[in-house]
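In what follows, residues are counted from 1 in the order of the sequence shown.
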Amino acid sequence: MKKSLTLTLGLTLALSSSVNANTRMGELVDYIQNKYVTQFKDHPILVLKKDELNFRLAKKRLFGKENEKQRVSEIGNYIKEKTGVELTYNDGTNIDTYVSILKNSAVALPLVESYTSKKRKICVVFHADPSSNQRLESERVLALKTQEAYGNIDFDQLNHRLPFDVLKKFSIYHELGHCMDREFMPNVDPYEDSHGVHESESFAETAGLFFLAKEGIKDAGRNRAKMRTVYSRKMGQFFVDNPQNGFGNPNFRYGGIIYNLSPVLNAGQDLLDNDSNQITNSSLDSMLGTAEKIVKENALPFRAFNAIAMYFSDGEEAAIAKYEEFERDMPDFFTGIVDILKGYIKTSTKVLETAFERLPDPNNPQDSLIEINKDLLCTYLNTDNEDAFNTYLDELRADLENKNAAIEDQRKRQEDLINIHEIISNSCPLQ
C-alpha cells in the first residue's frame with residue numbers, strides 16, 4: 001500500500017510543472033557562484049552543478065564509453081551556456097573525467113588558453129558528491145579505508161571529527177580557493193614541484209577556512225588541522241612505502257607532506273580566534289591576500305619539506321642526525337629546519353595518540369535505508385521533470401545522511417546514488 005501511495009504521489013509530481021530544478025547541493029552551488037565567484041574578475045570560474053549536468057546527460061542517454069564523443073560535446077555546450085567560454089574537445093574530456101569516471105572527486109580544474117600559456121580560459125570546481133554523511137566523508141578525507149595505512153582502525157574510533165555539513169562546505173570552498181589562487185597554483189609544476197603543490201594546497205585550505213568563517217563557521221580549524229595531521233602521518237608513510245601506487249607520478253610519495261596543512265590551519269584559526277572581523281568583514285580580495293600571507297609565513301619551507309620526507313623514508317634518528325649536520329655545516333641555509341622537523345614529529349605523534357580512542361558510540365545499526373524506487377525516477381526522467389527527480393534524490397540523500405544504517409548498506413547506497421543518473425539512464429526505457 002505504501003509503495004502504491006508513493007508511486008501515485010510520484011506520478012502527480014511528474015505531471016506538475018518544474019518550479020526550481022535544483023537539489024540542495026545545487027542551491028549551495030548557486031549561492032557560492034552568485035556570492036563569491038561573481039566578485040572574482042581574473043578569469044571565469046564555474047562551480048559545476050553536477051546534478052543539473054548529470055540529469056541532462058541522462059535525459060539524452062549519453063553515459064557509457066560508446067557515447068563519449070557526444071557526451072564530451074554536450075559538456076562543452078553546457079559550459080558555454082553557463083559561462084560563454086568555448087572549450088576544445090580535449091578540455092571537454094578533462095571535465096568528463098570527473099563527470100563520468102571520478103564522480104566523487106573534489107577537484108579544481110584550471111583550463112588554459114594553450115599548452116604554452118598560463119592564462120586560464122576557465123577554472124572548473126567539482127564538489128565531492130553530496131550522497132554522503134559524516135562517516136563516509138571522513139573516510140574519504142582521511143583515506144580511512146586504506147588498510148595498509150590504518151590497519152583495523154575505523155571511523156568509530158575517530159576522535160577528531162567535523163559535522164558533515166562543515167566537511168561538505170570545506171571541500172567545495174577549498175576547491176574554490178584553488179581556482180582563486182593567484183600566487184601558488186598558477187606557478188607550480190604539478191608533476192615536478194612537490195613543495196609548490198604543498199603551498200598550493202595550503203592556500204586552498206586557508207581560503208576554505210576563511211570562506212567558512214564568512215559563512216558563520218568560525219571554529220573548524222583545530223579539528224580540521226588534526227584530521228589533516230592524521231592523514232599526513234598515516235598516509236604519508238603509506239605513500240613512501242608504496243611508490244608504485246603512484247603510476248610514475250613523482251609527487252605521489254610526497255602526498256603526506258603535501259597535505260601537512262595543520263601549520264596554516266592553526267595560523268588561520270589563531271587569526272579568527274583573535275579577530276574574526278579581519279576575515280568576516282573583509283572584501284574577497286583582502287581575504288585572499290590574508291590567506292596568501294598566512295601560507296608564506298606558515299607553510300613548510302622547502303628544506304623542512306625535504307627533511308620530513310627523509311623522516312618518512314629513513315626514520316627519525318637518521319633524519320634528525322642528517323639535518324643537524326646540515327645546520328652545523330650550512331647554518332645560513334638550514335638554521336631552524338631541525339626545529340621544524342622535530343616539531344612535526346612531536347605534534348603529529350601527540351595527535352595520533354588521541355586520534356583513535358574508542359568512543360562510547362560505536363556503529364550499532366538501528367535503521368534500514370529506504371528502498372530506491374527506480375520506476376519513480378524513470379518516470380521523472382522520461383517526463384523531463386527535473387524538479388521531482390531532484391526532490392526525490394534529496395530525500396534519498398537525507399536518508400543516507402541521517403540514518404544509523406549498517407556501514408555496508410551506507411557504502412552501497414552511496415555508490416548507487418553517486419551513479420544514480422547513469423543507472424536510471426541505462427535501465428529506463430525511452431518513451
Side-chain angles (χ1 to χ4, degrees), residues 102-106 128-129 131-164 166-168 170-171 220 222-247 252-262 265 308-309 311-317 344-369 399-418:
L102 304 176
K103 298 183 183 184
N104 197 25
S105 298
D129 198 282
S131 304
S132 193
N133 54 35
Q134 186 190 41
R135 168 189 280 269
L136 296 171
E137 181 63 4
S138 297
E139 289 179 347
R140 187 187 73 84
V141 171
L142 294 172
L144 201 52
K145 291 189 290 182
T146 309
Q147 193 167 19
E148 300 94 324
Y150 290 96
N152 294 323
I153 292 169
D154 68 10
F155 174 79
D156 295 327
Q157 295 164 269
L158 179 65
N159 260 340
H160 308 315
R161 304 182 181 188
L162 288 171
F164 174 56
V166 175
L167 289 169
K168 177 174 66 177
F170 215 139
S171 173
R222 304 295 179 205
N223 264 6
R224 180 74 165 190
K226 290 174 182 176
M227 292 179 75
R228 289 302 197 182
T229 298
V230 169
Y231 179 92
S232 177
R233 274 290 294 270
K234 289 290 189 179
M235 293 303 295
Q237 193 62 59
F238 170 78
F239 292 140
V240 168
D241 292 343
N242 298 276
Q244 71 281 357
N245 289 5
F247 300 102
F252 178 83
R253 69 188 308 270
Y254 299 106
I257 317 164
I258 287 170
Y259 282 93
N260 175 33
L261 305 180
S262 61
L265 283 164
I308 296 172
Y311 159 68
F312 279 122
S313 62
D314 294 9
E316 178 177 351
E317 185 177 336
Y344 172 80
I345 297 169
K346 180 180 178 180
T347 300
S348 59
T349 299
K350 185 176 180 180
V351 168
L352 285 180
E353 285 173 351
T354 59
F356 297 108
E357 296 174 341
R358 180 164 290 281
L359 302 176
D361 60 340
N363 181 250
N364 181 21
Q366 304 291 325
D367 305 315
S368 297
L369 298 170
D399 189 56
L400 173 61
E401 180 179 346
N402 297 314
K403 279 189 177 174
N404 183 23
I407 183 57
E408 296 82 7
D409 293 343
Q410 292 182 43
R411 289 177 181 147
K412 178 62 169 61
R413 177 55 53 89
Q414 181 184 50
E415 181 183 356
D416 287 344
L417 293 183
I418 287 173

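Figure legend: cation-pi geometry between R161 and F155, with NZ or CZ positioned under 6.0 Å from the six-membered ring centre and within 45° of its axis.
Checked by atom type and distance alone, the side chain of S232 never pairs as donor or acceptor with a backbone atom of R228 at under 3.5 Å. Using modelled atom types, one side-chain atom of Q237 and one backbone atom of F312 make a donor-acceptor pair closer than 3.5 Å. Between the side chain of Y311 and the backbone N or O of Y344, no donor-acceptor pair lies under 3.5 Å.
Between I418 atom CD1 and N104 atom CG the span is 4.0 Å, to the nearest 0.5 Å. Interatomic distance, S131 OG to D399 CG, rounded to the nearest 0.5 Å: 11.5 Å. Note that NZ of K226 and OG1 of T354 are 6.0 Å apart. Values are rounded to the nearest 0.5 Å. Here OG of S132 is found 9.0 Å from CD of Q410. Values are rounded to the nearest 0.5 Å. Here the CD1-OH distance, from I258 to Y231, works out to 9.0 Å after rounding to the nearest 0.5 Å. Taken to the nearest 0.5 Å, the CG atom of N242 stands 11.5 Å off from the CZ atom of R253.
Scanning both residues, L162 and A220, for their nearest heavy atoms gives CD2-O, 4.1 Å. Closest of all the heavy-atom pairs between E137 and S171 is OE2-CB, 4.3 Å. Scanning all heavy atoms of the two residues, the minimum distance from M227 to S138 falls at CE-OG, 4.2 Å.
Just one residue in the list K145, R411, Q414 forms a side-chain hydrogen bond (donor to acceptor under 3.5 Å, both in side chains) with E139, and that residue is R411. Put simply, the residue from N402, L400, L167, N404 that forms a side chain to side chain contact (heavy atoms under 4.5 Å, CB included) with N133 is L400.
Counting heavy atoms from C-beta outward, T229 and T347 have side chains that stay 4.5 Å or more apart. Residues F170 and V141 form no side-chain contact, since every pair of their non-hydrogen atoms from C-beta on lies 4.5 Å or further apart. Proximity of N152 to Q147: side-chain heavy atoms (C-beta onward) are separated by under 4.5 Å at one or more points. Side chains of L158 and R135 form no contact here, defined as non-hydrogen atoms less than 4.5 Å apart. With contacts defined as side-chain heavy-atom distances shorter than 4.5 Å, the pair F356/N159 does not qualify. I345 is not listed as a side-chain neighbour of I308, based on a closest heavy-atom distance of 4.5 Å or more.
With no hydrogens or angles considered, a side-chain donor-acceptor pair links T349 and R233 at under 3.5 Å.
Applying the ring pair (Phe, Tyr, Trp, His ring centres under 6.0 Å) test to F238 and every residue at least two apart in sequence or in another chain returns nothing.
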Given the rule in the side chain to side chain contact (heavy atoms under 4.5 Å, CB included) test, do L142 and M235 qualify, once you have shown the distances and angles that lead to the verdict? CA-CA 8 Å; L142 294 172; M235 293 303 295; over 6 Å; no
Evaluate the criterion salt bridge (charged side-chain N to carboxylate O under 4.0 Å, His left out) for residue pair E415 and K412; output intermediate values, then yes/no. CA-CA 5 Å; E415 181 183 356; K412 178 62 169 61; 5.7 Å; no
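Salt bridge annotation for K350-E353: absent, with no cationic side-chain nitrogen under 4.0 angstrom from a carboxylate oxygen.
Surrounding CD of E317 are at most 12 heavy atoms belonging to other residues, nucleotides or ligands under 6.0 Å away.
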